[in-house]
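Quantities reported herein were computed from a predicted structural model and do not represent experimental measurements. Position 1 is the first residue of the sequence; numbering continues from there.
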Amino acid sequence: MRTKPLIVLAAAAFLLCGCGGREKYTKADAELTQEERDYDECDWEASRSVGSTVKDGDRIERIEELVDKCMRAKGYRKR
């Protein structure tokens, strides 16, 4: 029975998506649309670099860590 782990994983992902969303960053000279583009770019790069080499929970944590580093390198800080 492989459906139970999939259901649990889908439920966890659904709950995570509904709990506040992504981190918000701010930068003195960046508009909200620029922050969103930069975040999406960092998220895409982080997701590509992590791939599927780690377990799901660890993968999400690693992506968040890499996105944070990327955004800080672009001059942003967390709100």
Sub-4.5 Å side-chain heavy-atom contact between Cys42 and Leu66: no
Qualifying salt bridge (charged side-chain N to carboxylate O under 4.0 Å, His left out) pairs, either residue in residues 30-41, two or more places apart: Arg22-Glu35, Glu41-Lys74
Residues in salt bridge (charged side-chain N to carboxylate O under 4.0 Å, His left out) contact with Arg72, at least two apart in sequence or another chain: Asp68
Rounded distance [0.5 Å steps], OG1 in Thr26 versus CE in Met71: 9.5 Å
Within 6.0 Å of CD in Gln34, more than 12 heavy atoms from elsewhere: yes
Parallel, tilted or perpendicular: rings of Tyr25 and Tyr39 (30°, 60°): tilted
Results of side-chain hydrogen bond (donor to acceptor under 3.5 Å, both in side chains) for Glu65 - residues two or more places apart only: Arg62
